[in-house]
Trainee: 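Here's a structure for you.
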Amino acid sequence: MTAQDGAPRRAVLGTWPTPLEPAPRLALALGLEAEDLWIKRDDLTGLGGGGNKVRKLEWLCGAALADGATVLVTTGAPQSNHARLTAAAAARLGLGAVLVLAGRPGASSSGNLALDGLLGARVVWAGDTDAASLDSVAHEVAEKLSRQGSVPALLPFGGSSVLGARGYAECGRELLAQAPGLDTVVTAVGSGGTMAGLVGELGAHRVLGVHVGAVSAPAVTVSRLASGLTGAYCPPESLRLRTDQVGAGYGTLTEKARSALLLAARTEGLVLDPVYTGRALAGLAAAVADGTVRPGRRTVLLHSGGLPGLFGHAPALAAAEAGLTAED
């Protein structure tokens, strides 16, 4: 949707503002003071199981509706949170959804894929492919839909574009109102739009990103998006970006992320996911250990959602179930 002045408008899909909750037991376990750490609950955005992609999709879907779209097309990994929420947004707005996913049918099940089916999305499997090839398949799918009489809107990987990043500029404004004196926001960095939006509103010095391995050049990606959002160049070297939590690669469960999942669950009853928020908390723990994040300063961990992905990740489920204690 577009205003009469041509400015983009959101298609409201979520529940705002999301809560900001204290996490004193987790703070102490990390080596912070009890009142230092807060959790921005963007897992509670409401639509389709929640998560950070809802903020981006509000802007992307607003543009799609303004263009007369009848079907949303996007890309992702088999357990993509963005794909799941694109399907949910399409259902909410009365549109079709086609998800172009890397891999082959049967190689991954449950979790987000189960919700994709529940939400009525159609999946096109692209096989073993890189990001560029996956994007090419998505364009072919969109062209085919056009020939069949549909009006497709091709949404970017992860919902991350300059337009999508507006959603996290709005989140930055929420945080300024909720957490006066905010020092650092810690966020997982996948496709880059979440960190870029926060940087655009809060400044690079107040945002600590934790790279999860989804893109090959995260600093360049975030720099490009943040620069486009604000109109002022954001140098890649100005970003606070940790790259020490990727481990064996995107989608794998690192030992540090496994420990972070258990720590959050057992100190605060907070459930994280193994790919994004688990790594974000592991990155925060490392930042406290090396002095990048210090006690006595207000720190916010962005909970970007992803719970359905936990149930599609066999190693993470096995690690969780290993903690079961039998009752005598």
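Quick note: residue numbers are just sequence positions, from 1. Keep in mind that what you see is a predicted model, and the values were worked out from it rather than measured.
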Trainee: Check whether His82 reaches the backbone of Pro156 with its side chain - one donor and one acceptor, N or O, closer than 3.5 Å.
Mentor: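 Side chain of His82 to backbone of Pro156: a pair is present.
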Trainee: Other members of the hydrophobic cluster containing Leu32, with the 4.5 Å side-chain heavy-atom rule, please.
Mentor: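 Leu26, Leu30, Leu37, Ile39, Val186, Leu208, Val210, Leu261, Leu263, Leu270, Val271, Leu272, Leu281, Leu284, Val288, Val293, Leu301, Leu307, Leu310, Phe311, Leu317, listed by chain and number.
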Trainee: At what distance, to the nearest 0.5 angstrom, does CG of Leu118 lie from CG of Asn112?
Mentor: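 Taking CG in Leu118 and CG in Asn112, the distance rounds to 12.0 Å.
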Trainee: Between the main-chain N or O of Thr299 and the side-chain N or O of Asp183, is there a donor-acceptor pair closer than 3.5 Å?
Mentor: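 No, Asp183 side chain to Thr299 backbone: no donor-acceptor pair under 3.5 Å.
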Trainee: Identify the two heavy atoms, one from Ala91 and one from Leu119, that lie closest to each other, and give their separation to 0.1 Å.
Mentor: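 That would be CB-O, 4.2 Å.
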Trainee: Does Val207 reach the side chain of Arg240, with side-chain heavy atoms less than 4.5 Å apart?
Mentor: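 In short, these two side chains do not touch, never coming nearer than 4.5 Å.
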Trainee: Does Ser150 offer a backbone N or O that forms a donor-acceptor pair with the side chain of Thr70 under 3.5 Å?
Mentor: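 No; zero donor-acceptor contacts below 3.5 Å.
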Trainee: What pair of heavy atoms forms the shortest contact from Ala260 to Gly278, and how long is it?
Mentor: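 Ala260 and Gly278 have their closest heavy atoms at CB-O, 3.4 Å.
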Trainee: Under a 3.5 Å distance rule, please check whether Arg279 uses its side chain to pair with a backbone N or O of Val246 as donor and acceptor.
Mentor: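 Yes; judged by distance alone, with no hydrogens or angles, the pair exists.
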Trainee: Can you list the residues that meet the salt bridge (Lys or Arg N to Asp or Glu O under 4.0 Å) rule with Asp290, with sequence neighbours excluded?
Mentor: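 So Asp290 forms a salt bridge (Lys or Arg N to Asp or Glu O under 4.0 Å) with Arg242.
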Trainee: Determine whether Leu175 and Leu20 make a side-chain contact, defined as any pair of heavy atoms from C-beta on separated by less than 4.5 Å.
Mentor: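 Yes, close enough: below the 4.5 Å cut-off.
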Trainee: Any side-chain heavy-atom pair from Thr221 and Pro218 closer than 4.5 angstrom?
Mentor: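 Answer no - side chains too far apart.
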Trainee: Just do the side chain to side chain contact (heavy atoms under 4.5 Å, CB included) check on Asn52 and Thr45 with the steps written out, would you?
Mentor: CA-CA 7 Å; Asn52 65 322; Thr45 49; over 6 Å; no
Trainee: Apply side chain to side chain contact (heavy atoms under 4.5 Å, CB included) to residues Ser304 and Thr194 and explain how you reach the verdict.
Mentor: CA-CA 9 Å; Ser304 53; Thr194 297; 5.9 Å; no
Trainee: Consider only side-chain heavy atoms of I, L, V, M, F, W and Y, link residues closer than 4.5 Å, and tell whether Val185 and Leu241 are in one cluster.
Mentor: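 Yes, because Val185 and Leu241 connect within a single hydrophobic cluster, where side-chain heavy atoms sit under 4.5 Å apart.
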Trainee: Tell me every residue that passes side chain to side chain contact (heavy atoms under 4.5 Å, CB included) with Ala169, counting only those two or more places apart in sequence or in another chain.
Mentor: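 With sequence neighbours excluded, Ala169 shows a side chain to side chain contact (heavy atoms under 4.5 Å, CB included) to Arg173, Glu201, Leu229, given in chain and number order.
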Trainee: In this structure, are over 12 heavy atoms from other groups packed under 6.0 Å from Arg294 atom CZ?
Mentor: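 Atom CZ in Arg294 is not crowded, with 12 or fewer foreign heavy atoms closer than 6.0 Å.
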Trainee: For the pair Lys40 (side chain) and Thr18 (backbone), establish whether a donor and an acceptor sit closer than 3.5 Å, ignoring hydrogens and angles.
Mentor: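 Side chain of Lys40 to backbone of Thr18: a pair is present.
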Trainee: Grab the two heavy atoms, one from Gly31 and one from Pro295, that are nearest each other, plus how far apart they are.
Mentor: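 Smallest interatomic distance, heavy atoms only, reads O-CG, 3.5 Å.
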Trainee: Whether the side chain of Arg166 engages the backbone of Arg55 through a donor-acceptor N/O pair (distance < 3.5 Å, no angle test) should be reported.
Mentor: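 Checked: no pair found.
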Trainee: Roughly how far, to the nearest 0.5 Å, is CG of Asp135 from OG1 of Thr75?
Mentor: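 Rounded to the nearest 0.5 Å, the OG1-CG separation comes to 6.5 Å.
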Trainee: Does Arg224 reach the main-chain N or O of Val220 with its side chain, forming a donor-acceptor pair under 3.5 Å?
Mentor: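 Not at all, since once roles are kept as given, no pair shorter than 3.5 Å links the two residues.
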Trainee: For Leu253, what are the other residues in its hydrophobic cluster, where any two members join if their side-chain heavy atoms are less than 4.5 angstrom apart?
Mentor: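 Cluster partners of Leu253: none, it stands alone.
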Trainee: Who pairs with Asp43 by salt bridge (Lys or Arg N to Asp or Glu O under 4.0 Å), at least two apart in sequence or on another chain?
Mentor: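 Arg41.
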Trainee: Using only atom types and a distance under 3.5 Å, with no angle test, would you say the side chain of Ser223 pairs donor to acceptor with the backbone of Ala219?
Mentor: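 Not a single qualifying donor-acceptor pair exists.
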Trainee: If I take atom CG from residue Leu13 and atom CG from residue Leu85, how far apart are they, to the nearest 0.5 angstrom?
Mentor: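 So the CG of Leu13 and the CG of Leu85 are separated by 9.5 Å.
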Trainee: Between Val199 and Val300, is there shared hydrophobic-cluster membership here, with clusters defined by ILVMFWY side-chain heavy atoms closer than 4.5 Å?
Mentor: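 In one cluster with Val199: Val300, yes.
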Trainee: Is Tyr168 reachable from Trp38 through a run of I, L, V, M, F, W or Y residues, each pair having side-chain heavy atoms under 4.5 Å apart?
Mentor: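 As far as the 4.5 Å side-chain criterion goes, Tyr168 and Trp38 are connected within one cluster.
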Trainee: Do Leu202 and Leu239 sit in the same hydrophobic cluster, where Ile, Leu, Val, Met, Phe, Trp and Tyr count as joined when their side-chain heavy atoms come under 4.5 Å apart?
Mentor: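 Yes, same cluster.
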Trainee: Working note: Asp130 + Ser133, criterion side chain to side chain donor-acceptor pair (under 3.5 Å); need CA distance, chi angles, decisive distance, verdict.
Mentor: CA-CA 5 Å; Asp130 59 18; Ser133 297; 2.8 Å; yes
Trainee: Are Pro24 and Glu268 packed together at the side-chain level, in the sense that at least one heavy-atom pair is separated by less than 4.5 angstrom?
Mentor: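 Yes; the side chains approach each other to less than 4.5 Å.
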Trainee: Atom CD of Glu58 and atom CG of Leu163: how far apart are they, to the nearest 0.5 Å?
Mentor: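 The distance works out to 11.5 Å.
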Trainee: Linking I/L/V/M/F/W/Y whenever any side-chain heavy atoms sit under 4.5 Å apart, do Leu60 and Trp16 land together?
Mentor: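 Yes: a chain of side-chain contacts under 4.5 Å links Leu60 to Trp16.
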Trainee: How about Leu113 and Gln79: do any of their side-chain heavy atoms sit closer than 4.5 Å?
Mentor: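 In contact.
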Trainee: With a 4.5 Å heavy-atom cut-off, do Asp42 and Cys171 have their side chains touching?
Mentor: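 Yes, side chains in contact.
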Trainee: Look up atom CG in Leu155 and atom CG in Leu57, then write down how far apart they are to the nearest 0.5 Å.
Mentor: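 It is 6.5 Å, given to the nearest 0.5 Å.
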Trainee: Can you tell if the side chain of Glu35 reaches within under 4.5 Å of the side chain of Pro22, non-hydrogen atoms only?
Mentor: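 No; the side chains remain at least 4.5 Å from each other.
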Trainee: Test Ser191 against Lys53 for side chain to side chain contact (heavy atoms under 4.5 Å, CB included), laying out the working first.
Mentor: CA-CA 11 Å; Ser191 52; Lys53 305 303 181 181; 3.7 Å; yes
Trainee: What's in the same ILVMFWY side-chain cluster as Leu134, cut-off under 4.5 Å, chained through other members?
Mentor: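 Cluster partners of Leu134: Val71, Val73, Val98, Val100, Val124, Val137, Val141, Leu145, Leu154.
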Trainee: Let's go through Leu101 and Trp125 carefully: what are the C-alpha distance in whole Å and the side-chain angles of both, what is the deciding distance for side chain to side chain contact (heavy atoms under 4.5 Å, CB included) to 0.1 Å, and is it a yes or a no?
Mentor: CA-CA 5 Å; Leu101 304 181; Trp125 292 101; 3.9 Å; yes
Trainee: Has the side chain of Thr187 got a donor or acceptor atom that lies under 3.5 Å from a matching backbone atom of Gly209?
Mentor: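 No, Thr187 side chain to Gly209 backbone: no donor-acceptor pair under 3.5 Å.
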Trainee: For the backbone of Gly251 and the side chain of His313, can you confirm whether one donor and one acceptor N or O come within less than 3.5 Å of each other?
Mentor: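 Yes.
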Trainee: Go through the side-chain N and O atoms of Trp59 and Glu170 and say whether any donor and acceptor fall under 3.5 Å apart.
Mentor: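 Absent: no donor and acceptor within the cut-off.
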